[in-house]
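See structure below.
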Amino acid sequence: MPDRPVQPPLILVVDDEDANRLALERILVREGYDVRHAEDGRQAMQRLREEPPHLLLTDLKMPGMDGLELMRAARAVDPDLEVVLLTAFGTVETAVEAMKEGAFDFLTKPLKRAEIVRTARKALEKRALVTENRALRDELARALPGEVIGRAPTMRVLLEEARQVAGAQASVLLTGESGTGKGLLARWLHKVSPRRDRPMVTVNCGALPENLLESELFGYEAGAFTGAKGRKEGRFDLAQGGTLFLDEVTEMSPAVQVKLLRVLQDGEYERVGGTRTLRTDARILAATNRDPELAVREGRLREDLYYRLNVIRLEVPPLRARRDDIPLLARHFVARHAERNRRAISGLSDEALDALCAWDWPGNVRELENALERAVVLCRGEVVELSDLPPAMRQARTRPAVLSFAPGTPLKDVERAMIEATLEQCGGDKALAASLLGITARTIYRREAEWREEEGTGAPREEG
Ligand SMILES: Nc1ncnc2c1ncn2[C@@H]1O[C@H](COP(=O)(O)OP(=O)(O)OP(=O)(O)O)[C@@H](O)[C@H]1O
Ligand SMILES: [Mg+2]
């Protein structure tokens, strides 16, 4: 690292067994790291807030909050925190699940010194990279104030609505599939509102266990629970005069929902363990990628709270419902990631663009951005080529035809169109097409012969 005096990275070790914890601590200290430890999840969260670590090394199986829950909670506080899990034989499956959720790695007990040191070093390197990238990203975001790209008709309507409600006090519920841009739109709403010079505070309600969410939102008074040394301000306090963004809002426990309802109705709340009534004027934005009406019907979301949140509803359409925006978004992401990676890439080939336009984007704009970030890194030329895209997308170039027939269309014609379209989709594989259509491959051969006959072309006959 450059000339700045470098502070040793801070590692938090969490294990309920003293011997393990001490052994780990000794190994890591000898490597020059700063180490803190905790015996359980609750204590770990406490430490984590007092002194944010760069790496969390936690046992998976612990009484109370287990390692996976701790990871989720910790990453809600610090999304860049790298996590390494320590697992015993038999818990590897959970560790794999944790990896899918973003853990850096897991180590299986009995732990080996060299392995611990190597994994910690790699995790910290990644953390440093991510932080750097984030700083760069923030710089970019400031340069282009959270540009929401959308020229497709559905997006124009949405953005116009958003502009109209940006200055209001009423709460807004943002809905839409994962990755459609709800978070971005929420930030944009804040930025164009009169509250733009006040903070925007975000809470991910799905990532925190009930009691933590409550104290994050409302804060706590000294002595509210064991370990609550001083008073802590809640996010409602921090968002005074600004915007509070409640992400994954359908994931709140009933108790927290009641408290939130009260804030929405009267602007009043109390800290955990406190008796003084506090007031907030924060504007509430909420988002969910679930169906909020369904959550109400299933009893997971209070109906009265739903109505309070849903005063203004902004529904962000899935990317497949605004394909016209794909080229625009694609160029935007290529430019952004090329700049970030210091690559001289000017755009995309037509073939690559066609493939992107044909793909269905279950992960929406986030999936598109990720695909193009990867493509920019892999790209060897000056434009992103088809071969730089993820393999599945390369094959998506032919968009499945949607057939429609007017009532009264002869079934024979419907059958022919359907067989032909399916064959095309299957790359001419008759066996596959037949199994999709629920008929035999023989039937397909027979029909094809009939069609040829009708067209008078006849089956290609052998000469002689
Ligand atoms: N219209 C857009 N223009 C430019 N960038 C966009 C647009 N929509 C989304 N993005 C980018 O795509 C990524 C995903 O968007 P975002 O995180 O806002 O999705 P989300 O709807 O909040 O998803 P989730 O439900 O999973 O939280 C972000 O990097 C965001 O900046
Ligand atoms: Mg989001």
Side-chain angles (χ1 to χ4, degrees), residues 72 75-76 79-80 100-102 130 133-163 166 172-192 200-208 243-252 284-292 294-295 309 313-341 356 359 361-376:
R72 290 187 191 129
R75 291 183 66 129
D80 288 351
K100 284 194 199 136
E101 285 197 38
V130 168
N133 219 0
R134 169 75 40 95
L136 227 65
R137 183 181 298 207
D138 287 351
E139 220 171 86
L140 257 139
R142 269 196 296 280
L144 308 164
E147 201 185 347
V148 183
I149 292 177
R151 299 226 190 110
T154 46
M155 283 303 280
R156 279 179 198 247
V157 172
L158 176 72
L159 291 174
E160 186 45 43
E161 273 173 14
R163 199 180 301 278
V172 178
L173 182 61
L174 299 151
T175 53
E177 292 176 14
S178 182
T180 46
K182 299 181 294 299
L184 180 70
L185 188 61
R187 289 191 294 281
W188 184 84
L189 277 168
H190 174 74
K191 261 183 210 144
V192 300
M200 166 151 177
V201 178
T202 299
V203 183
N204 187 330
C205 304
L208 293 168
T243 303
L244 183 67
F245 177 38
L246 302 171
D247 209 354
E248 292 190 43
V249 73
T250 56
E251 308 305 297
M252 264 184 299
I284 311 288
L285 304 178
T288 177
N289 53 31
R290 312 225 178 182
D291 176 350
L294 184 66
L309 292 170
R313 172 73 161 267
L314 295 176
E315 173 106 36
V316 187
L319 186 55
R320 64 185 170 280
R322 43 175 156 130
R323 287 185 196 272
D324 294 355
D325 280 346
I326 292 176
L328 211 63
L329 284 162
R331 290 195 193 97
H332 169 75
F333 290 134
V334 168
R336 172 195 281 191
H337 290 286
E339 177 170 347
R340 194 176 297 164
N341 291 283
L356 295 178
W359 186 244
W361 303 110
N364 294 297
V365 185
R366 180 178 297 121
E367 187 186 5
L368 177 64
E369 175 162 15
N370 290 344
L372 291 170
E373 179 171 16
R374 174 183 181 277
V376 162

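Remember, it's 1-based here, ligands and their atoms both numbered in the order they're listed.
Rounded to the nearest 0.5 angstrom, Arg322 CZ and Leu328 CG are separated by 11.5 Å. Note that CG of Leu185 and CG of Leu159 are 6.5 Å apart. Values are rounded to the nearest 0.5 Å.
For atom 24 (P) of ligand 1, the nearest non-hydrogen atom from the set His332, Glu147, Arg366 comes from Arg366. The closest non-hydrogen atom to atom 1 (N) of ligand 1, taken over Leu184, Ile149, Thr175, comes from Ile149.
Thr243 and His190 make their closest contact through OG1-ND1, 2.6 Å (heavy atoms, listed as atom of the first residue, atom of the second, distance). What you find for Ser178 and Asn364 is that their closest heavy atoms are O-ND2, 2.9 Å.
A donor-acceptor distance shorter than 3.5 angstrom exists from the side chain of Lys182 to the backbone of Glu177, with no hydrogens or angles considered.
Close N/O approach between Arg322 and ligand 1 is not found [any backbone or side-chain N/O within under 3.5 Å]. Taking only nitrogen or oxygen atoms, main chain and side chain alike, Glu369 reaches within less than 3.5 Å of ligand 1. In terms of N/O distances under 3.5 Å, ligand 1 is not approached by Asp247. For ligand 1, the polar-atom distance check finds no N/O of Gly150 at less than 3.5 Å from any of the ligand's N/O atoms.
The proximity of Phe245 to ligand 1, defined as any non-hydrogen pair under 4.0 Å, does not occur for either the backbone or the side chain. Looking at Thr180 against ligand 1, both its backbone and its side chain come within 4.0 Å, counting heavy atoms.
Salt-bridge check for Arg336 with Glu147: failed, with every basic side-chain N at 4.0 Å or more from each acidic carboxylate O.
Ligand 1 lies less than 4.0 angstrom from a heavy atom belonging to Gly179.
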